[in-house]
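Read the structure below first, then the notes.
Counting convention: from 1, in listed order, for ligands and their atoms alike. This is a predicted model, so every value here is computed, not measured.
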Amino acid sequence: MSILQILEFPDPRLRKTASPVTVFDAKLEVLIEDMLETMYEADGIGLAATQVNVHKRLLVIDVSENKDSPQTFINPSFEIIEDELVEYDEGCLSVPGFYETVSRPAIGKVSAQDLTGEAFELDAYGILSTCVQHEIDHLNGKLFVDYISALKRQRIRNKLEKEHKKSA
Ligand code: GNR
Ligand code: NI
């Protein structure tokens with residue numbers, strides 16, 4: 001297993017739209033294992049393939065307290081099943097150190113495939129719902145900072161660019 005490098009805002013590769021997964025093979029299994037290891041090592045609750053520069057539609061999530069319930073979603077979609085919105089203080093491994101309140105649909109039906117290609121559905125609410133939507137956004141080249149003011153986004157960009165220069 002290996003720890004993968006996580007791209008950071010404003011890296012333009014985070015803006016790419018991911019393509020559907022069509023091949024369910026051993027290579028895909030290795031990628032999922034590596035993404036889970038990378039997510040746990042970074043103390044994240046989710047990770048989208050886009051963040052590790054793989055532009056395929058898959059993501060991993062573990063919202064459990066004991067970090068022992070990994071979930072994998074391949075070719076995921078989220079269908080809003082209620083108008084209700086919830087606010088969460090969101091962070092992102094690709095925007096390290098910054099948290100902002102984002103409002104999203106509270107409950108939705110998630111449809112996806114597992115690593116064998118089998119389709120499944122689940123109703124998502126709470127942090128799982130927020131996290132799935134945050135991760136699907138990544139697959140579409142979208143980041144949580146796109147939901148906040150341009151001024152705040154620019155401040156975050158400036159700070160991260162400064163840090164990237166320091167460590168370059
Ligand atoms: O670790 C993460 N925490 C988090 C908190 C609130 C809303 C979304 C998230 S996802 C984030 C990991 C990440 O960047 N996934 O793309
Ligand atoms: Ni993120």
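In terms of protein heavy atoms, atom 12 (C) of ligand 1 is closest to Gly46 O, 3.2 Å. When only non-hydrogen protein atoms are considered, atom 15 (N) of ligand 1 lies nearest to Glu135 OE2, 2.6 Å. Looking from atom 7 (C) of ligand 1 to the surrounding protein, the closest heavy atom is Glu90 CG, 3.5 Å. Protein heavy atom at the shortest distance from atom 11 (C) of ligand 1 is Gly91 O, 3.6 Å. For atom 1 (O) of ligand 1, the closest heavy atom belonging to the protein is Ile45 N, 3.0 Å. Nearest protein neighbour of atom 8 (C) of ligand 1, counting heavy atoms only, is His134 ND1, 3.6 Å.
Ligand 1 lies within reach of Asp89, whose nearest heavy atom is under 4.0 Å from it.
The aromatic rings of His134 and Phe144 lie parallel to each other, with less than 30° between the two planes, well short of the 60° mark.
The list of side chain to side chain donor-acceptor pair (under 3.5 Å) pairs with a residue in residues 74-88, not counting sequence neighbours, reads Asn75-Gln113. The stretch residues 36-45 participates, sequence neighbours left out, in these side chain to side chain donor-acceptor pair (under 3.5 Å) pairs: Tyr40-Asp62.
Under the 4.5 Å side-chain heavy-atom criterion for ILVMFWY residues, a single connected hydrophobic cluster contains both Leu59 and Ile127. Residues Ile61 and Leu115 do not share a hydrophobic cluster, defined by chaining ILVMFWY side chains whose heavy atoms lie under 4.5 Å apart.
Residue-to-ligand polar distances place Leu93 within reach of ligand 1: an N/O pair is separated by less than 3.5 Å. Among the atoms of Asp43, none of the N or O lies under 3.5 angstrom from an N or O of ligand 1. When only interatomic distances are considered, the shortest N/O to N/O separation between Gln51 and ligand 1 falls below 3.5 Å.
Counting heavy-atom neighbours within 6.0 Å of Tyr125 OH, excluding the residue itself, gives a total of 12 or less. Under a cut-off of 6.0 angstrom, the local environment of OH in Tyr99 is sparse, with at most 12 non-hydrogen atoms contributed by other residues, nucleotides or ligands.
Applying the side-chain hydrogen bond (donor to acceptor under 3.5 Å, both in side chains) criterion to Lys159, with sequence neighbours excluded, gives no partner residue.
The contact set between ligand 1 and Cys92, taken as ligand atoms under 4.0 Å from a residue heavy atom, comprises 14 (O).
Ordered by chain and number, Cys92 SG, His134 NE2, His138 NE2 make up the set of protein N, O or S atoms under 2.8 Å of the Ni ion (ligand 2).
The cationic group of Lys152 does not satisfy the cation-pi geometry with Phe98, failing either the under 6.0 Å distance to the six-membered ring centre or the 45° limit from the ring axis.
Salt bridge status for Asp25 with Lys27: absent, with no side-chain N to carboxylate O gap under 4.0 Å. Residues Asp146 and Arg15 are paired through a salt bridge, judged by an N-O separation under 4.0 Å between the basic side chain and the carboxylate.
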